[in-house]
Structure formats: C-alpha cells, structure tokens
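Report on the following structure.
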2 protein chains.
Amino acid sequence: MNHRIISMQTYEHVRALPHRRPSKIRPMRRPHRPQETGRRTTKMVTLKDVAAKAGVSPSTASGALRRLSYVRPETAERVLKAAQDLNYSTNVSARALRSGRTGIFSLVIPTVDIPFYGRLVTAMEASVERHGYQLIIQQTRFEADRERQLIAQSDDTLSEGMFLLAAKTDSREVARLAGDHPTVMFEDYSTDIVIDSVNAPSTGGIDRAIRHLVGRGRTRICVAGATIPLHAMADVSSSSRARYERARSAVNAFDELGISGDCGAIDCDWVANGGTDVGHRIADTATGRTDDGRPAGLRYDAVCCMNDDIALGVLRGLADRGVRVPEDVAVTGFDGIPQGEWSVPSLTTIALDYEGMAETAVTMMLRKFGDNPVSMPQRVIAGFRLIERGSTAVSQ
Amino acid sequence: MNHRIISMQTYEHVRALPHRRPSKIRPMRRPHRPQETGRRTTKMVTLKDVAAKAGVSPSTASGALRRLSYVRPETAERVLKAAQDLNYSTNVSARALRSGRTGIFSLVIPTVDIPFYGRLVTAMEASVERHGYQLIIQQTRFEADRERQLIAQSDDTLSEGMFLLAAKTDSREVARLAGDHPTVMFEDYSTDIVIDSVNAPSTGGIDRAIRHLVGRGRTRICVAGATIPLHAMADVSSSSRARYERARSAVNAFDELGISGDCGAIDCDWVANGGTDVGHRIADTATGRTDDGRPAGLRYDAVCCMNDDIALGVLRGLADRGVRVPEDVAVTGFDGIPQGEWSVPSLTTIALDYEGMAETAVTMMLRKFGDNPVSMPQRVIAGFRLIERGSTAVSQ
DNA sequence: TTGAAAGCGCTAACAC
DNA sequence: GTGTTAGCGCTTTCAA
C-alpha cells in the first residue's frame, strides 16, 4: 500500500464542483440603467471617485498618482491621500488599454524544475520586478510544438516582450515566429546574430575547467555530454549548438595543452541519468582491480562535464562502481547550481552569473523601447567564476 | 584570477542604455485628428477590421470568436477565416476592461530555486494553463515584509486570484491582508481553517516513513529538523507549524511503536546545510571507532528528515565523517524531489503528488467563481507515495 | 440570429 | 498646473 490518498472525499468533492467567472470583479452595470446597483458585490473605486474626493479632475488625479512633475505638490498630496482613504488601486486593464503598456513580460523556458532553469527564473523575476514589470512563466516542457506555439503566440497584447530559452527552435525560426514582438533569447549559439541574446560563457568556462584539471595534474580527460571528434552540425537547435560550442572549446584546450592523444569524450543526455551512465562506462574501462576490489587502470583520470546535472550523475555512477572521486577520477561541472555544494563529494564547477545574465537580458529588452533603439541585435556572454570543491581537491 | 567577465565592454554598453516605453505597441492616435497615420509602427488589427472583412457587425464577430452558440455556423466560419487572414489576436486589455476577467492568476512563493518550490511551480503553471489561465510568479525570498506586501497588493485588478505559499505569515493575517481577493494557500497548518488550502501529507507521510524504518529493523530514530519534546507554538507562521505537525506525527509514531525511549531529534534549518550539520552531530555521538577508523557505537541507527533537502545534507554530513548509509545509519527524506534519485546513496523518500496538489488548488480557486460558491473554506491533504531507495536498502 | 449603442476606467492631447 | 474631451478595443445589453 504505497499509494495513499488522505481525505479523498474532500478532494473529490472539490474537483467535482462547477466553475464560472469571478464574482469578486464587479459585475457589469446594465448599460442602459446606469443607476442599477443590483447585486454587485464590491463597488470598485475608480479614479473618478478619487478625483472627486480630492476636488480635482480625473486627469489631474491620474497625473498625481503617476507622480508626473507638472502636478502641484499640494494637489498631488491631496490626491494621494484621497486614493489611500478610498483604498484605490488603479485598474491595470484600463491603463493598459489606453496607454498600450501592460507592464508584463513573458518568460518562455523548458521548465522551472531543473536547477539551471530554476536559478535563471529566480534571477529573472527579481530583475524584471526591479524594473517595474511582472513576469508570466510559460513552460515548453521541451516539446518542440509547444515551444513554437508559445513563441508565435507571444505576439499577443498581454506581454510587452518575451524572454526565451528555446531548446528546440533555431533563432532564425524564432525571429520568423515572433515577428516584431520584442524578444531576448538565452543560450542562442547560432553563428548568426539575428536576435538579442544572453549566453552562458560556454567557451571560456570549459577552457577554464580543463586548465584547472590539468593544473591538478590530470591529463587523461574525458568530456561528458559531447562528442569528439566534433560532429558536423546537422541539428541547429540551441541546445545542440551549446553542446557543439562547449565540445569545441574542450578540443581546442586539449590541442593547446598538447594532451589530445589521451583525452576523449562520452556523449549523453544533459541530465543526471546521462551522467550516471557515463560514470558506469568510465568505470568499465578498468583494466584491473585493486586489492580491495575497486576498478584500476582506468582510461581517464578526470571528467569534464558539460553541466552540473551530468556531473552529479557522474559522481553517482562512479560511486556505484567504487571509483573514488577525486582520488581516482576528478570531476568538474558547469553552471554552479546550489546542489553541487552538498553532493558527495562537493562539486568543482564553473559558476554562472545568473543575476548578471538576468539583469542584462532585461536591459536589452528595455532598450528596445527607448527613443533611439539600437539597430542591430547583440549577443552578450555572461561572466563566470571557477568554484573549487572536493571533486577536484587532490592533485596527481 | 577566478573571476572573469567575458566581453565586458558589450555588457557594460548594454547596461548603460536608456529605456522608455515600448514602441511596438501602436502609438496612440491623436484623438482630435483620427486620420493621423504619422509614424505608427505596426497597424494593429482590431475586431472591427475582422468584422468588416467578414461582413458582420463587431458584436457578431465577437460572439463568433468566442464560439457563442447563437452565431450561425456559416457566419462564425467566415469570421474565423477573416480573423486568421488578418492575423488577428484579441486585445486582452480591452477584453479584460470590458468583461472584468484578465485570465491571470498570481503565485506568491518564497523562491523558485529550491526543488520543492520549483516542482510545485512547474505543476501549477501546467494546471493553470490547462484551465485557460496564465500565471504570474512573485517571489517573496522569505522576506516577511515583502511577503506581506505582495499579499496585500494581490488585490489589484490584474490577477483574478492568488495562490500563496506563505513562509512568514499566519493564515489569519493572510485573510486580513488579502481581503476578499480569491486566495488559495499551500502549506497552511494553522488549526483554524479560514482560507482554502492544499497541504502536503505531513502527518501521514512522516508516520509512513518511520514505520518503514522500523520495518527495516531500525529503532533508534533521530528526527532531523524538529524538536522533541515538542515546543509550545510561540511562532504561528506556516513553516513552523509544518515543523510542529511533522514532529508531532513522529512522536506519535514512536509512542505507538513503543520506541520513544531510544528516539530523539536534532533541530536545524530546513536546508541542506542544516542537514549536513545534523549528520556531523550524529557522527559525533560515536562512542568508539571501528578497525578502519569509522565512528562506532552511534546513538542512532536512522534519521527521519523533515524534507529532502535536509536529507541530502545529512547524507553529505555522514559521508564527511565516514558513517555508512544505509549500513550504519538509514536515512529518509520527504518531498520526493528529483535530486534524491541520483544522490549517493539514492534517497528513500515520501514523494508528494505535486500535480494533484496543483490541480486541486486550481479547482478550489475556480469554484470561487462559480454561481453557487462554497461557503466555507476547506483544507485538502494531498496523497503521497513511499519511494524506497538506497538510503534505507539494508535491514538491521 | 444579427446589429446598434453604450461604456468599462483610464490617459493623452489640447485648451485654458 | 488644471480641466475638458475623446476614445483605446472590446463585450453586453436590448431591439430588431
């Protein structure tokens, strides 16, 4: 009896209930009988009411509430007081209809439930809010159709602009689907720059990780989550380009360091399970056993993982087989997600500047609304930091 | 040189740019000269245009687009075609202004960047979307002031209802702050039921976890993240009530199973670091050493953690000290976050029904808008499932 | 089944 | 500085 629903009755009861439109929002007055007060629930306080109470016109009240400079301070104060007394809050639909501004951005992202994305969403919400906007989250769940649909629909009248992390859609296609709807992408690795974007420092970060491993005396490095030799890019989706870019950076570093001959790669999905697999396969390269039965004579002495999820999986996979980290094999991650701090062992990683990425993306978005918008799209590469932890703590 | 900013110039450049209002949204026509076409960017397609093209009146077109039954099928089809041809999308601000419905719910939650919350947000976005709504995320960052402010402001005209996971605010206070704004809470453990809420199965879940441990032969169980004996509730916030409820459930189980004498608790913050601390302290109860230097004679043979984050930390803390899991100490978590699947060892846990919690919450919300809304608030306890993994895989 | 008319609450333009 | 006026785009009566 592993599955148990508590209070099932109540639960079902709730589900079965009908639903209609909200009752809190004031029911429409019947147009032709303006005095009708029928069974309206909450009488909504309007700007007109505030203006009347303050003894000014609606437009003056509007200006006062928006703190426009032409309103005389004393007048403004009176209006503000009236608004407070009446517990007034401005009707955002009306404001949006009239002004064309909704104060809402949308964020289209595969999911919130993977650390890298969750971390980015947290930072984005904070940035957007700091600039007076609200953020609507839309998850694509890695479904190509849904992603394309959300991108195409972003051109509705609700969102003033879309932030997009596209897992399945190429940026040219994004440009086509989004039309002239203001868009800023994350992780766009296409060679063209057709849309503003903010990217993780894939090239610099991987280079740094590998040089760190070499500094720890490791020379037989396995890249986890990519292929070497590099495949020609059949698939142009963002995620596969990220993979390509990171792999290329690793290859370059191997060449420059003169260790190409001893290095290699094992491809896998960019999730923990993929990493676990890689860990097993690395353990399986053992040519012998130690006295206490652990694998010996491993092909690699380090794993450079393309992201932290993979790395956490690798730690798990190596542990399954009795391979010691970092003594036998050192491991590095990429992203700097919190979980790497308390894994066993803790994870050396390239920590991204999520707050910086978010703030930059929001700034890129806002500048589109400026009086002299920048004409050409740009790509910004975020900064990073190497965090050294247990998984590379021992030199060889 | 651990910190490196790539492409700093571009970055700073972007940050420095000014920003104003969107230009994509059609600039207002000058009211007094309706024919003015000036420098408007995109001519917006309105319902009137669609109606004209289809040869019907705006109101008929409106009905057709909303698929109201009174419109003749052929007429409706003509309208739909016209809308498609013109690439029309309805202006949600106008619709909201007129109809009083925005189609938006807000979710106020401490953060998205902690697995339990992220998982819940993912489920909530999906549920809400399935019911034709969009979700605005607002993070309180565990700041009491910000939480209170967001709750009080929820009564704006944008969100039709608020979903709330309050970490710092008691539900009576929530009721006061939110006024008559439709609200559904998560994790409200107050004894009163003054607001609709959906809770994790704290009582049943902890009970199940402890019985599982006892079934594995463990009788010296330590609760991590609570106090025993139970403290009188000075603090009435939701999180401290959850803590109390789970601890009480543990105490009850200990009593019923007759093992109270051997069991205990170590309090800590409900985060991984707290758990690591607990792990260290448990290791420190050792009265001796094994031949290979591991702690022996530990006070406890199992740890029942109040959530998965704590449990992952405990795994780490025990590993730090050479305590073996599950051989020396078994560990259980609570929440069923994905990370428990690939920890070392993988984590036995009480997995929550996130999708069910979300769907129930949305249903509770929607029923408030029904023609005959339920008069009294309810509390729904979600179901759960015990997932047995490596951290309790060995019997004693 | 369709159309005409009114107006949601607000802000922008302009007159004063 | 403040008030007047018009009207954003839509939905909702009510009449036809």
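Chain identifiers are assigned alphabetically (A, B, ...) following the order of the sequence lines, protein sequences preceding nucleic acid strands; residue numbering begins at 1 within each chain. What you see below is based on every heavy atom in this structure, not just the backbone, and it leaves out hydrogens, waters and symmetry mates. Given the structure is predicted, the values throughout are model-derived calculations rather than measurements.
For residues 88-110 of chain A, the set of pairs meeting the ring pair (Phe, Tyr, Trp, His ring centres under 6.0 Å) definition, not counting sequence neighbours, comprises Phe105(A)-Tyr133(A), Phe105(A)-Phe163(A).
With sequence neighbours excluded, the residues satisfying side chain to side chain donor-acceptor pair (under 3.5 Å) with Lys81(A) are Asp85(A). Under the side-chain contact (heavy atoms from CB on, under 4.5 Å) criterion, Leu86(A) pairs with Val45(A), Asp49(A), Val50(A), Lys53(A), sequence neighbours left out. For Arg148(B), the side-chain contact (heavy atoms from CB on, under 4.5 Å) test picks out Thr169(B), Glu173(B), Arg176(B), Leu177(B), with sequence neighbours left out. Thr60(A) meets the side chain to side chain donor-acceptor pair (under 3.5 Å) test with Ser57(A); sequence neighbours excluded. For the salt bridge (charged side-chain N to carboxylate O under 4.0 Å, His left out) test, residues two or more places apart in sequence or in another chain that qualify with Glu125(A) are Arg146(B).
Spacing between atom OH of Tyr70(A) and atom C1' of dA15(C) amounts to 14 Å, rounded to whole angstrom units. dC10(D) atom C1' lies 13 Å from atom CG of Asp49(B), rounded to whole Å. In this structure, Leu97(B) places its CG atom 12 Å from P of dT12(D), rounding to the nearest Å. One can place CG of Leu65(B) at 9 Å from P of dC10(D), the figure rounded to the nearest angstrom. To the nearest angstrom, P of dT12(D) lies 10 Å from CZ of Arg101(B). For the pair Leu47(B) CG and dC10(D) P, the interatomic distance rounds to 5 Å; values are reported in whole Å. The interatomic distance linking Lys48(B) (NZ) with dT11(D) (C1') rounds to 15 Å, in whole Å. Between the CZ atom of Arg67(A) and the P atom of dG1(D) there is a distance of 18 Å, rounded to whole Å.
His181(B) and Gln153(B) form no side-chain donor-acceptor contact under 3.5 Å, judged by distance and modelled atom types alone.
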Extract all donor-acceptor atom pairs below 3.5 Å that involve side chains of residues 73-80 of chain A and protein atoms in other chains or at least two apart in sequence.
{"from": "Glu74(A)", "atom 1": "OE1", "to": "Arg72(A)", "atom 2": "NH1", "distance (Å)": "2.8"}
{"from": "Arg78(A)", "atom 1": "NH1", "to": "Ala54(A)", "atom 2": "O", "distance (Å)": "2.7"}

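Between dT11(D), dT1(C), dT4(D), one nucleotide has an atom nearer to the side chain of Ser57(A) than all others, and that is dT4(D). For Arg72(B), the side-chain atoms get nearest to dT2(C) when compared with the rest of dT2(C), dG9(C), dG3(D).
Around the CZ atom of Arg172(B), the shell of radius 6.0 Å holds no more than 12 heavy atoms that belong to other residues, nucleotides or ligands.
The residue among Thr75(B) and Pro58(A) whose nearest nucleotide of DNA chain C lies closer to the 5′ end is Thr75(B).
Residue Thr60(B) has a polar side-chain atom (N or O) positioned under 4.0 Å from OP1 or OP2 of dG3(C). Dashed line: the shortest gap from a side-chain N or O of Arg98(B) to OP1 or OP2 of dT12(D) is not under 4.0 Å. Distances shown here put a side-chain N or O of Ser62(A) below 4.0 Å from the OP1 or OP2 atom of dT11(C). The shortest distance between the side-chain N/O atoms of Ser59(B) and the OP1/OP2 oxygens of dA4(C) is not below 4.0 Å. Residue Arg66(B) has a polar side-chain atom (N or O) positioned under 4.0 Å from OP1 or OP2 of dT12(D).
A heavy-atom distance below 4.0 Å to DNA chain C is reached by none of the residues of residues 81-95 of chain B.
Rounded to 10 degrees, the angle separating the terminal helix axes of the helix from dT1(C)-dA16(D) to dC16(C)-dG1(D), each built from five base pairs, is 30°.
Contact record, Ser93(B) with Leu97(A): CB-N, 3.7 Å, taken as the closest heavy-atom pair.
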